[in-house]
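Down below is the structure, laid out as structure tokens.
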Number of protein chains: 2
Amino acid sequence: MKDRISAYDVARKASVSQSTVSRVLNNYPHIKESTKQKVLIAIEELGFTRDEIARSLASNKTRTIGLIVGDITNPFFAESAKVITGKAQERQYDVILCNTNHNEENLNKYIQTLKGKRVDGIIIASADKNNERIKELYNQNFPVILFNSILEHEKANYIAVNNYKGAKIAVEHLYQLNHRRIGYIAGPSKYLTTHLRNLGYEEVLKELGIERNDEYIYNKEFSYDEVYHFTKALLKKRDRPTSFFAASDQMALAVLDAAASENIKVPEQLSVIGFDDIDLARNQYIGLSTITQPKEKMATLALEKLISLIEDGEENDAGFQIILEPDLIQRKTTGFLVEKST
Amino acid sequence: MKDRISAYDVARKASVSQSTVSRVLNNYPHIKESTKQKVLIAIEELGFTRDEIARSLASNKTRTIGLIVGDITNPFFAESAKVITGKAQERQYDVILCNTNHNEENLNKYIQTLKGKRVDGIIIASADKNNERIKELYNQNFPVILFNSILEHEKANYIAVNNYKGAKIAVEHLYQLNHRRIGYIAGPSKYLTTHLRNLGYEEVLKELGIERNDEYIYNKEFSYDEVYHFTKALLKKRDRPTSFFAASDQMALAVLDAAASENIKVPEQLSVIGFDDIDLARNQYIGLSTITQPKEKMATLALEKLISLIEDGEENDAGFQIILEPDLIQRKTTGFLVEKST
DNA sequence: CTGTTAGCGCTTTCAT
DNA sequence: ATGAAAGCGCTAACAG
């Protein structure tokens with residue numbers, strides 16, 4: 001690795017001071033055109049690029065943000081990450097990707113190291129509902145936005161969908177299709193968003209007068225394999241559910257996987273509805289019915305809001321809480337249940 | 001944002017010098033146990049965390065690497081990113097995610113900003129085959145590893161699968177299933193890996209004595225929508241292909257999508273095979289036949305090699321080129337073609 | 001074993 | 001309009 005070329009080298013070559021070099025680099029208004037050109041030429045000839053680390057140290061800004069997700073392999077997060085990194089690039093920010101595997105300890109570690117690296121702000125897409133580190137960030141007025149996550153705090157900033165309502169819509173849809181035995185792949189209760197989906201499920205059952213059957217409910221961690229095995233076992237039973245609501249499309253795919261492994265036809269013998277509306281759900285070979293979240297909009301908002309928090313220092317004494325509306329999208333995996341005469 | 005607590009504050013509180021604080025932070029060997037304790041206590045009481053930016057500036061290391069992918073939304077990249085970030089975290093590195101949307105200009109910009117941010121190394125998963133910026137990196141002995149990408153250069157480091165062979169295996173598989181009209185969703189030729197898949201396709205047709213039909217070949221950019229429309233139009237024709245080989249599973253999904261939209265049954269009326277073996281391919285509801293790449297191994301290797309390049313400065317005068325073997329995995333989307341008497 | 005001191009390469013007053 | 005100089009918060013010789 002050859003020696004770096006510093007702004008001093010440029011300065012010497014252009015016969016100006018290093019601070020002048022800095023000024024042209026930063027587009028300061030009052031520079032004589034001729035000296036500006038001298039500097040520009042010297043920069044060009046030396047192939048100089050400025051050291052952002054030194055710049056960060058001096059300016060106390062890094063133009064880097066952190067993005068913490070539970071699982072980048074879940075298309076919902078990948079699709080969100082894509083728009084976030086895209087918008088970030090437009091605004092000249094870079095993003096450090098942190099994948100927690102839905103593990104709170106990892107989340108905490110990542111928050112720690114991101115702060116150490118002095119990122120300008122953090123978007124957290126998988127925030128445990130009472131996480132103390134996140135509350136600390138809010139208390140310190142550190143720019144943080146929860147994305148598809150909620151955490152109750154006086155200064156909390158979050159963007160999410162009405163998860164409670166989304167879950168209700170999903171289950172009502174199944175009910176209208178004549179389903180009464182409705183299985184549920186719950187999301188982890190440690191996230192407030194999935195917890196709300198869980199409450200929505202329970203509430204709507206009550207409203208519809210269906211008794212909850214705990215055997216139909218998976219409520220452990222988000223794990224594809226575990227959901228697969230749970231569902232497979234459940235589907236072998238005589239009184240198996242005729243339908244499933246899964247708290248994420250990813251988990252709905254695991255249900256479909258299990259159903260296929262048991263040669264159960266969807267939707268004739270089993271209806272499945274997910275949550276998120278990942279791009280794949282729209283694929284007509286799959287055609288997953290789901291509850292849609294306006295993820296592009298959410299992701300864009302999250303990034304824009306974060307940047308205004310960072311750059312305008314926007315007094316967010318109250319914080320902001322944005323809740324968008326979910327929608328039902330019926331595709332091929334849910335259908336009317338024809339009662340067996342059996 | 002309250003004022004940062006610096007190592008000086010800790011030093012004062014512990015009545016030692018700042019460099020001693022630095023020493024305990026860095027686990028220097030010869031420190032008296034008692035002063036070490038004093039320092040540790042002071043750190044604890046003040047809630048001090050060191051400033052990694054300052055540290056980076058002084059030490060000329062950032063413990064950050066860049067990961068450049070064409071599209072994080074493609075499960076192959078997301079799955080790779082997951083293992084890379086995971087392993088990186090174990091080794092105390094963070095990763096800046098760069099999503100190029102398969103655009104070389106973006107790639108170049110990202111290389112530029114990553115160097116500006118002084119990352120310790122870069123993994124490039126979508127490297128255009130003659131990219132000059134990448135060659136520059138090699139010439140400067142900057143730690144770079146191409147992942148699932150190849151670029152000819154005397155010092156090149158890359159890890160990829162035998163793409164040529166993979167493509168041949170795929171087409172041969174189709175041939176053995178009695179297919180003669182074999183459509184091909186080519187990857188962009190600008191990537192050497194996909195280019196090699198393209199060559200493999202051509203070569204095997206030649207070997208099998210099948211004449212190439214350019215109408216059957218899609219060879220524009222990797223775009224889900226375009227592939228979808230191309231395939232849909234092609235499938236409407238009388239002499240449509242009876243099978244497709246797609247240069248990525250993501251594109252194979254687009255083919256399946258189009259087939260479903262035309263009510264064409266897979267595999268009875270159309271066989272489809274992809275490349276990559278994304279997790280979803282294994283889902284039995286989908287059951288995508290594909291060519292597998294040992295992606296976990298590849299990703300792990302990429303990260304480990306990169307770190308040894310960074311830390312051991314490992315003299316890689318020759319660079320290293322690792323080519324792994326692909327394998328055929330037949331699932332549900334490919335089947336024997338029964339000739340119509342029509 | 002520990003303190004002193006000089007950077008790392010910028011930004012940013014403060015002068016002029 | 002531009003230069004000088006003081007940091008930013010660390011690491012890393014160099015002394016002792």
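The structure displayed is predicted, hence computed values, not measured ones. We name chains A, B, ... by the order of the sequence lines, and we start the count at 1 in each one.
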Listed partners of B/Q37 passing side chain to side chain donor-acceptor pair (under 3.5 Å), at least two apart: B/E33
Quick check on B/K135: does its NZ atom have over 12 non-hydrogen neighbours (other residues, nucleotides or ligands) under 6.0 Å away? yes
From CD1 of B/I43 across to P of D/dC10 the rounded distance in Å is 10 Å
Separation of D/dG3 C1' from A/R12 CZ (nearest whole Å): 16 Å
Just jot down the salt bridge (Lys or Arg N to Asp or Glu O under 4.0 Å) partners of A/K129, sequence neighbours excluded, or say none. none
Taken to the nearest 0.5 Å, the spacing of A/L107 CG from A/C98 SG works out to 9.0 Å
Parallel, tilted or perpendicular for B/F76 and B/F147, by the 30°/60° rule? parallel
Side-chain heavy-atom pair B/N26, B/R50 within 4.5 angstrom cut-off: yes
Do we see a donor-acceptor contact under 3.5 Å between the side chains of B/D71 and B/N101? no
Starting at CZ of B/R50 and ending at C1' of D/dC10, how long is that distance when rounded to a whole Å? 9 Å
Using five base pairs at each end, measure the axis-to-axis angle across the helix from C/dC1-D/dG16 to C/dT16-D/dA1 and round it to 10 degrees. 40°
Name every residue in residues 20-38 of chain B that has at least one heavy atom under 4.0 Å from any atom of DNA chain C, in order of residue number, or write none if there are no such residues. B/T20, B/R23, B/H30, B/I31, B/K32, B/T35
Just wondering, do B/I150 and B/I323 contact through their side chains at under 4.5 Å, heavy atoms? yes
To the nearest angstrom, how far is B/D9 atom CG from D/dG9 atom P? 9 Å
In terms of side-chain geometry, is the basic nitrogen of A/E136 or A/R133 positioned less than 4.0 Å from the acidic oxygen of its partner? yes
Are B/D94 and B/R63 close enough that some pair of their side-chain heavy atoms sits under 4.5 Å apart? no
With a 3.5 Å cut-off and no angle check, do the side chains of B/T64 and A/K117 form a donor-acceptor pair? yes
So B/Q18, base contact, sugar-phosphate only, or nothing? Heavy-atom distance under 4.0 Å. base
Identify, residue by residue, the members of residues 55-63 of chain A with a heavy atom below 4.0 Å from DNA chain D, and return them in order of residue number, or none. A/L57, A/A58
Bounded by its outermost nucleotides with an atom under 4.0 Å from a heavy atom of chain B, the footprint on DNA chain C reads C/dC1 to C/dG9
Would you say A/Y138 and A/L151 make side-chain contact, with heavy atoms under 4.5 Å? yes
Are A/E45 and A/K13 close enough for a salt bridge, meaning some N to O gap below 4.0 Å? yes
